[in-house]
Amino acid sequence: MNTCKKIIIAVDGFSSSGKSTMARRLAAVVGYRYIDSGAMYRAVTLYALDHGMIDDEGTPDTTAIIAALPQIHIDFSVQPGGSQHTMLNGTDVEKEIRRLRVSNAVSPVAAIPEVRHALVAMQKRMGESRGIVMDGRDIGTVVFPDAELKIFVNASAETRARRRFKELVEGGSQVSYEDVLANVVHRDHIDTTRAESPLRRADDAIALDNSAMNLEEQDAWLLDKFNKAVAR
Ligand code: DC
């Protein structure tokens with residue numbers, strides 16, 4: 001492996017497709033920085049929920065959220081084991097942003113163009129020193145269109161809902177599988193049909209359907225693609 005050349009790796013895909021797990025694990029193996037861009041949209045959503053900017057129907061007050069953007073500071077803190085926690089205005093919100101309350105409200109917030117512009121600008125800055133793996137929806141298309149390696153991950157809605165359900169239950173949340181599946185399907189719809197940078201595969205992204213892959217197979221598949229991209 002050529003350890004001198006630092007590349008940018010963009011991992012995009014549908015919600016709960018396992019893209020964060022594979023991106024995080026690759027970053028750890030190759031010694032790159034990992035950024036979960038979805039966590040940034042979740043942090044903005046948490047701020048909006050906590051400041052009464054999203055009504056009971058889940059409709060965001062777009063004007064209020066745009067006005068609040070300068071007051072929303074998002075960062076990542078590295079934990080002793082190497083994992084990263086999302087920080088919102090200095091507070092660790094890693095657990096809070098994963099709850100269904102935030103999952104249910106995040107897609108309309110992520111569809112606000114001004115929110116996207118602010119977060120994309122931050123993400124581009126994070127990639128300036130390269131050696132980064134970032135996952136999201138628009139990383140290969142908008143944030144890093146010149147990334148040396150682009151992956152687009154998918155799995156069936158049922159497979160993804162089962163994974164998210166397991167994660168939530170293990171994290172102590174009391175949710176039903178049906179609610180989680182409905183949330184996955186609903187978010188797919190919003191993410192793919194929004195006007196501003198909808199989720200789509202970049203023309204030069206490598207597609208991966210990991211429905212029938214275990215973690216080790218997925219890791220090996222991605223490391224192989226990484227090694228080839230670095231050698232190019
Ligand atoms: O990956 P996730 O489920 O944590 O993402 C949360 C939401 O943020 C999801 O509705 C899609 C949106 N998102 C986005 O629009 N662009 C990104 N780069 C990352 C996430």
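Indexing begins at 1, ligand by ligand and atom by atom, following the structure's order. Since this is a predicted model, take the numbers as computed values, not measurements.
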Near A110, which atoms of ligand 1 are under 4.0 Å from a heavy atom of that residue? 12 (C), 15 (O)

heavy-atom search around atom 19 (C) of ligand 1 in the protein gives S37 OG, 3.4 Å

Partner residues of E128 under the side-chain contact (heavy atoms from CB on, under 4.5 Å) criterion, sequence neighbours left out: R125

Does R194 come within less than 4.0 angstrom of ligand 1, counting non-hydrogen atoms of the residue? yes

So do E96 and D50 actually touch side chain to side chain, heavy atoms under 4.5 Å? no

Just let me know how H186 lines up against ligand 1, side chain, backbone, both or neither, with a heavy-atom cut-off below 4.0 Å. neither

Below 4.0 Å, non-hydrogen atoms only: which portion of R116 touches ligand 1? Side chain, backbone, both or neither. side chain

Hey, is D12 touching ligand 1 through its side chain, its backbone, both or neither, going by heavy atoms under 4.0 Å? neither

Output the list of atoms in ligand 1 that are nearer than 4.0 Å to some heavy atom of D138, sorted by atom number. 16 (N), 17 (C), 18 (N)

Counting non-hydrogen protein atoms only, what is the nearest one to atom 10 (O) of ligand 1? Give residue, atom name and distance. S107 OG, 2.8 Å

Any idea which atoms of ligand 1 are less than 4.0 Å away from a heavy-atom of K19? 1 (O)

Under a 3.5 Å cutoff, is there a donor and acceptor pairing between the side chains of R42 and T86? no

Inspect the contact between E94 and R98 and indicate whether a charged nitrogen and a carboxylate oxygen are less than 4.0 angstrom apart. yes

May I ask you to check whether over 12 heavy atoms, not counting those of Q174, lie within 6.0 Å of atom CD? no

Where is the nearest protein heavy atom to atom 3 (O) of ligand 1: which residue, which atom, and how far? R187 NH1, 2.8 Å

Ignoring angles and geometry beyond distance, decide whether Y41 reaches within less than 3.5 Å of ligand 1 through its nitrogen or oxygen atoms. no

Under 4.0 Å from ligand 1, counting heavy atoms only, is it the side chain of R137, its backbone, both or neither? both

Among R164, E158, K166, find the one that has a side-chain contact (heavy atoms from CB on, under 4.5 Å) with Y177. E158

Considering both backbone and side-chain atoms of R98, is one of its nitrogen or oxygen atoms within less than 3.5 Å of a nitrogen or oxygen in ligand 1? no

Residues two or more places apart in sequence or in another chain: which of them pass side-chain contact (heavy atoms from CB on, under 4.5 Å) with S15? R137, R160, V184, R187, D188

I74 vs Y41 side-chain heavy atoms within contact, under 4.5 Å: no

Is it the case that S107 and D191 place a side-chain donor and acceptor less than 3.5 Å from each other? yes

Give the residue and atom name of whichever protein heavy atom lies nearest to atom 4 (O) of ligand 1, and the separation in Å to one decimal. R42 NE, 2.7 Å

